[in-house]
Amino acid sequence: MPEPMNTAVRDAAGHADGPAPQPTLRERKKMAAMVHIQRVALRMIDERGFDWVTVEKIAAEAEVSPSTVYRYFGTKEGLILTDAFDSRSLATMGHLLAQGVPPWEAVTKAVIDMSVETKDELDETAPIRARLWFEIPSVRAAAFLMIDEATEHLAESVVAGGRYDRYEARVIANAILWSLVAALRNWHEAGGGDDWHAHIAGAIDTLRRLGVPPAPGAAAPNDPEGIAPGD
């Protein structure tokens, strides 16, 4: 099994009063290794096909041991679904939610800020990852299980924020993570040629318009004074 990215969410919730967690030197080295392995894996899969490529072949090409690949990604499907920055994004999101930051504000800051910071790395891999995610049945099945687990841990951070009970928190956590999946799919089906950050922002804005409001007094995306229409 891969190192669980949801540990970062729990750790962030446990340190809600401090600053947002920053990666240690060890974590930065791990992220760099994951980026390298994933680039190799995606190139091989793209050239030769998902079924032909094995974890052992990827490890040999990346000059790491198979156990390293399994430790970081868990399965061959994980090489597509997991990226090096997931844990950091979820840790920031969990930290903000545990502080009581409104859900859509927390996800916007955690995901958009991270995607901007790592734009070059993500832009290189995003198109092929999205294509493989939505076209390979085993990858889609693995994605469901991974996201289902992540929503449960993210819900813990929502509860820690003190604004919602655990039933409401589960709905909110699912809305957050599955809306990001929907944004990725929208971007993929649109051809993957435009800015995928805009699709993420659009998904969050759609949820706002559907009546899932931020906490009282929180500003909407284009409402810096915190004054919603009709106020």
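Counting from 1, the numbers follow the sequence of the chain as shown. Below, all heavy atoms of this structure are taken into account, side chains as well, without hydrogens, waters or symmetry copies.
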Note to self: Tell me whether E156 is salt-bridged to R166, with the criterion being a basic N under 4.0 Å from an acidic carboxylate O.
What the structure shows: no
Margin query: Check for me, please, whether Y167 and L177 land in the same ILVMFWY cluster - side-chain distances under 4.5 Å, paths through other members count.
Written below: no
Check: Where is the tightest heavy-atom contact between M93 and I176, given as atom of each residue plus distance?
Finding: SD-CG2, 3.9 Å
Next item on the list: Under the side-chain contact (heavy atoms from CB on, under 4.5 Å) rule, what do I80 and F50 come out as? Steps first, then yes or no, please.
Entry: CA-CA 10 Å; I80 295 167; F50 183 78; 3.6 Å; yes
Note to self: If hydrophobic clusters are built by linking Ile, Leu, Val, Met, Phe, Trp and Tyr wherever their side-chain heavy atoms come under 4.5 Å apart, do I172 and V159 end up in the same one?
What the structure shows: no
Note to self: Please evaluate residues Q38 and R129 with respect to the criterion side-chain contact (heavy atoms from CB on, under 4.5 Å), reporting the C-alpha separation (whole Å), side-chain torsions for both, the decisive distance (0.1 Å), and the verdict.
What the structure shows: CA-CA 10 Å; Q38 188 172 58; R129 288 179 63 203; 3.7 Å; yes
Checklist line | In one Ile/Leu/Val/Met/Phe/Trp/Tyr side-chain cluster, 4.5 Å: F144, L180 | finding: yes
Check: When clusters are formed by joining ILVMFWY residues with side-chain heavy atoms under 4.5 Å apart, either directly or through shared neighbours, do W52 and V69 land in the same one?
Finding: yes
Note to self: For V53 versus K76, what's the shortest heavy-atom pair and its separation?
What the structure shows: O-NZ, 2.8 Å
Margin query: Quick check on R170: does its CZ atom have over 12 non-hydrogen neighbours (other residues, nucleotides or ligands) under 6.0 Å away?
Written below: no
Item checked: Distance in Å, I58 CD1 paired with R43 CZ, rounded so as to fall on 0.5 Å steps -> 10.0 Å
Next item on the list: I would like to know whether M31 and M34 meet side-chain contact (heavy atoms from CB on, under 4.5 Å); could you show each step before the answer?
Entry: CA-CA 5 Å; M31 286 190 288; M34 289 180 70; 5.6 Å; no
Item checked: Non-hydrogen atoms of P66 and E56 that approach each other most closely -> CG-CG, 4.3 Å
Item checked: Shortest non-hydrogen separation from W187 to A130 and the atoms involved -> CZ3-CB, 3.9 Å
Just distance, no hydrogens or angles: give the donor-acceptor pairs under 3.5 Å from side chains in residues 132-143, sequence neighbours left out.
residue: S138; atom: OG; partner: E77; partner atom: OE2; Å: 3.1

Next item on the list: Kindly compute the distance separating CG (L79) from OG1 (T125), expressed to the nearest 0.5 Å.
Entry: 12.0 Å
Notebook entry, point to check: Taking all atoms of both residues into account, what is the closest heavy-atom pair of Y164 and E168, and its distance?
Noted result: CA-OE1, 3.3 Å
Checklist line | Set of salt bridge (charged side-chain N to carboxylate O under 4.0 Å, His left out) partners for D46, sequence neighbours left out | finding: R131
Next item on the list: Indicate, with yes or no, if V171 and V101 share a hydrophobic cluster defined by side-chain heavy-atom contacts under 4.5 Å among Ile, Leu, Val, Met, Phe, Trp and Tyr.
Entry: no
Note to self: As an exercise, state the distance from CD1 of I45 to CG of D51, rounded to the nearest 0.5 Å.
What the structure shows: 10.0 Å
Notebook entry, point to check: To the nearest 0.5 Å, how far apart are CG in D205 and CD1 in I200?
Noted result: 13.5 Å
Note to self: side-chain contact (heavy atoms from CB on, under 4.5 Å) for E105 and L96? Distances and angles first, verdict last.
What the structure shows: CA-CA 9 Å; E105 181 181 332; L96 294 171; over 6 Å; no
Item checked: Closest heavy-atom pair and its distance - S179, A203 -> O-CB, 3.6 Å
Notebook entry, point to check: How would you list, by chain and number, every residue that makes a salt bridge (charged side-chain N to carboxylate O under 4.0 Å, His left out) with E189, sequence neighbours excluded?
Noted result: R185
Item checked: Atom pair CE/CG of M146 and D148 - distance to nearest 0.5 Å -> 11.0 Å
